[in-house]
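Notes follow the structure.
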Amino acid sequence: MEKTMQMVNSSKVENVMKAARMHTLGKPLVVEKDVPIPTLGSDDLLIEVKAVHVAQYHKSALIDGEHSYPFYTTSLPAILGMAGAGIIAKVGDNLLGFQEGERVYVNPILTCGNCEYCIEGKPGLCDMWVLQGYFALFTPNGIPLLEQYPGGFAQYMKVPARSVVRIPDNVSFDHAVRFNYVGTAYEGLKSGGLSPGDTVLINGATGTMGTDATLLSLAMGATKVITVGRSAERLTRIKQVNPERIYTIDVTQESISERIKEITKGKGVNVYLDALGYSAGQTPPINSVMECIGNLRKNGTAVFIGALSGQKISYDYGSFVGLNIKITGSCWYNNESVLELMEMASGGTLKFDDYETHLFSLDEVNEALDFASQRSGGLNNTVVRP
């Protein structure tokens, strides 16, 4: 495990670095050795990048530009790579309380930092929010932030100091970068009011975010976690994490409603988390979403964190009133949630034992994107180590 204070002499930081840059949308990234190191602002940190997570959909979304939400690119060439972790190499002039050598996770969300939503700790609602190392979604408002803060497929990345959270000694960089998706799932489960003893239903459970939500549900005290997916092999693999508390539903073989009624003895589930992803050319499985909503118990909550943009859902008006059903969305997470997750991981409540980490060098970044795009299940943790 990495030591807490791996000291870095900032005077030895060169003016150029190795980085993987996108020159053309739809083309592989190009690894270059003479990219200028970003110039720090007075409230910024320079991070020596040790790990970047690559999710299943990153090749289709980042490289090929296939996204269910409207997106806007930064100017090219651009350094991509979202959700990095590393060591503080240099501290901006205005900053106190940071030391070179500290191990930190970078929350990739970039915002204005000053609007009512940022102040309330809801950065995903800021009109300028973008994800560092990604593209702008929904509106181009945040593109200036992407121009100012390149991504993590590089030896060094510049980040606003407010973006980082310190990593405990016993949490590795390779696991910390997974918090990008763990954090989104965690915020969703908190929005759903998950309490110890609850039954949780997760649609899209074998994908990156759905798998994280499954492990988090166990860590947060759910006694039954019902996982819905389309691959018998991946469902079997995720059930093996905790056979006593995890139940599976293969939508290609079983009725969602009948299986939930069997598992819950007809009561339904307390929290339904929809983590369905998007694949180009796939028929959106909106029917499974409606079936899952229909199996909420009284006072149950459905939370949407997935990517089925443009799909319509409906629910009986009287059921909202008579059953006290709640349906909501959850967009990203704040650093308070990351701190909670760091404590859970450090204390052993949130376990990473079942992840199978696959490591790639920066020179192998395109191979990493190809490997992750095989969609072999969320228990695979693909990491690029610049």
Side-chain angles (χ1 to χ4, degrees), residues 181-182 184-276 285 287-306 315 319 323-328 330 340-341 344-345 348-355 377-379:
Y181 295 89
V182 174
T184 301
Y186 183 54
E187 202 71 33
L189 291 169
K190 289 203 298 183
S191 295
L194 173 59
S195 299
D198 280 353
T199 296
V200 179
L201 172 64
I202 301 170
N203 199 6
T206 60
T208 302
M209 205 141 53
T211 295
D212 292 339
T214 300
L215 300 184
L216 279 164
S217 297
L218 297 173
M220 296 169 71
T223 52
K224 293 180 179 179
V225 184
I226 304 173
T227 57
V228 179
R230 294 186 297 270
S231 167
E233 179 182 355
R234 295 178 202 168
L235 287 167
T236 297
R237 188 178 175 196
I238 202 166
K239 182 174 178 61
Q240 291 171 349
V241 171
N242 193 316
E244 293 77 23
R245 294 164 64 192
I246 295 176
Y247 300 78
T248 61
I249 300 177
D250 181 347
V251 295
T252 68
Q253 303 293 328
E254 304 172 278
S255 163
I256 293 175
S257 292
E258 289 179 8
R259 185 81 171 103
I260 292 174
K261 286 180 173 60
E262 175 189 342
I263 295 168
T264 66
K265 295 181 172 52
K267 291 183 177 180
V269 302
N270 302 92
V271 180
Y272 163 45
L273 189 74
D274 191 279
L276 284 171
N287 289 339
S288 71
V289 177
M290 293 305 304
E291 198 168 357
C292 287
I293 293 176
N295 281 280
L296 285 168
R297 69 188 299 163
K298 296 176 181 178
N299 201 40
T301 302
V303 185
F304 291 87
I305 61 172
Y315 197 72
S319 294
L323 302 180
N324 201 30
I325 296 299
K326 296 171 285 294
I327 298 178
T328 186
S330 179
E340 293 168 359
L341 289 168
M344 291 168 68
T349 305
L350 177 60
K351 300 182 184 299
F352 295 100
D353 301 346
D354 295 288
Y355 287 128
L379 285 172

Decide yes or no for [X] and [Y]: does some side-chain heavy atom of the first lie under 4.5 Å from some side-chain heavy atom of the second?
X	Y	value
Asn299	Lys326	yes
Leu350	Leu216	yes
Leu194	Asn270	no
Glu187	Lys190	yes
Thr184	Asp212	no
Arg297	Thr264	no
Val228	Val251	yes
Asn295	Lys261	yes

For this session: State which residue, out of Asp354, Thr227, Thr214, fulfils the side chain to side chain contact (heavy atoms under 4.5 Å, CB included) condition with Val241.
Result: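 It is Asp354, the one option of Asp354, Thr227, Thr214 that forms the side chain to side chain contact (heavy atoms under 4.5 Å, CB included) with Val241.
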Which atoms form the tightest heavy-atom contact between [X] and [Y], and what is the distance?
X	Y	answer
Ala222	Val200	CB-CG2, 3.8 Å
Thr301	Ser191	CG2-O, 4.4 Å
Arg230	Leu276	NH1-CD2, 4.5 Å
Ala213	Leu273	CB-CD2, 3.4 Å
Gly348	Lys351	O-NZ, 2.9 Å

Problem set entry | From CA spacing to verdict: side-chain contact (heavy atoms from CB on, under 4.5 Å), Met344, Leu341 | CA-CA 5 Å; Met344 291 168 68; Leu341 289 168; 4.1 Å; yes
Distance (rounded to the nearest 0.5 Å) between [X] [atom1] and [Y] [atom2]:
X	Y	atom1	atom2	result
Ile226	Tyr247	CD1	OH	8.0 Å
Ile260	Cys292	CD1	SG	5.5 Å
Glu340	Tyr186	CD	OH	3.5 Å
Leu296	Asn324	CG	CG	11.0 Å
Ile256	Met290	CD1	CE	11.5 Å
Ser217	Ile202	OG	CD1	4.0 Å

Problem set entry | Residues which pass side-chain hydrogen bond (donor to acceptor under 3.5 Å, both in side chains) with Thr328, listed by chain and number, not counting sequence neighbours |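 Checked Thr328 against side-chain hydrogen bond (donor to acceptor under 3.5 Å, both in side chains); zero matches.
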For this session: Applying side-chain contact (heavy atoms from CB on, under 4.5 Å), run through Glu291 and Ser255 and close with a yes or a no.
Result: CA-CA 9 Å; Glu291 198 168 357; Ser255 163; 3.7 Å; yes
Got a donor-acceptor contact below 3.5 angstrom from the [X] side chain to the [Y] backbone?
X	Y	value
Lys239	Thr248	no
Thr223	Gly197	yes
Arg245	Leu218	yes

For this session: List the steps and the verdict of salt bridge (charged side-chain N to carboxylate O under 4.0 Å, His left out) for Glu262 and Arg259.
Result: CA-CA 5 Å; Glu262 175 189 342; Arg259 185 81 171 103; 3.4 Å; yes
Exercise. Going through the checks in order, is the side-chain contact (heavy atoms from CB on, under 4.5 Å) test met by Ile327 and Ile293?
Worked result: CA-CA 9 Å; Ile327 298 178; Ile293 293 176; 4.2 Å; yes
Which atom pairs, donor and acceptor, lie under 3.5 Å between side-chain atoms of residues 203-211 and protein residues at least two apart or in another chain?
from   : atom 1 : to     : atom 2 : distance (Å)
Asn203 : ND2    : Tyr272 : OH     : 3.4
Asn203 : ND2    : Ser288 : OG     : 3.1
Thr211 : OG1    : Ala205 : O      : 3.2
Thr211 : OG1    : Gly207 : O      : 2.9

Exercise. In this structure, are over 12 heavy atoms from other groups packed under 6.0 Å from Glu254 atom CD?
Worked result: yes
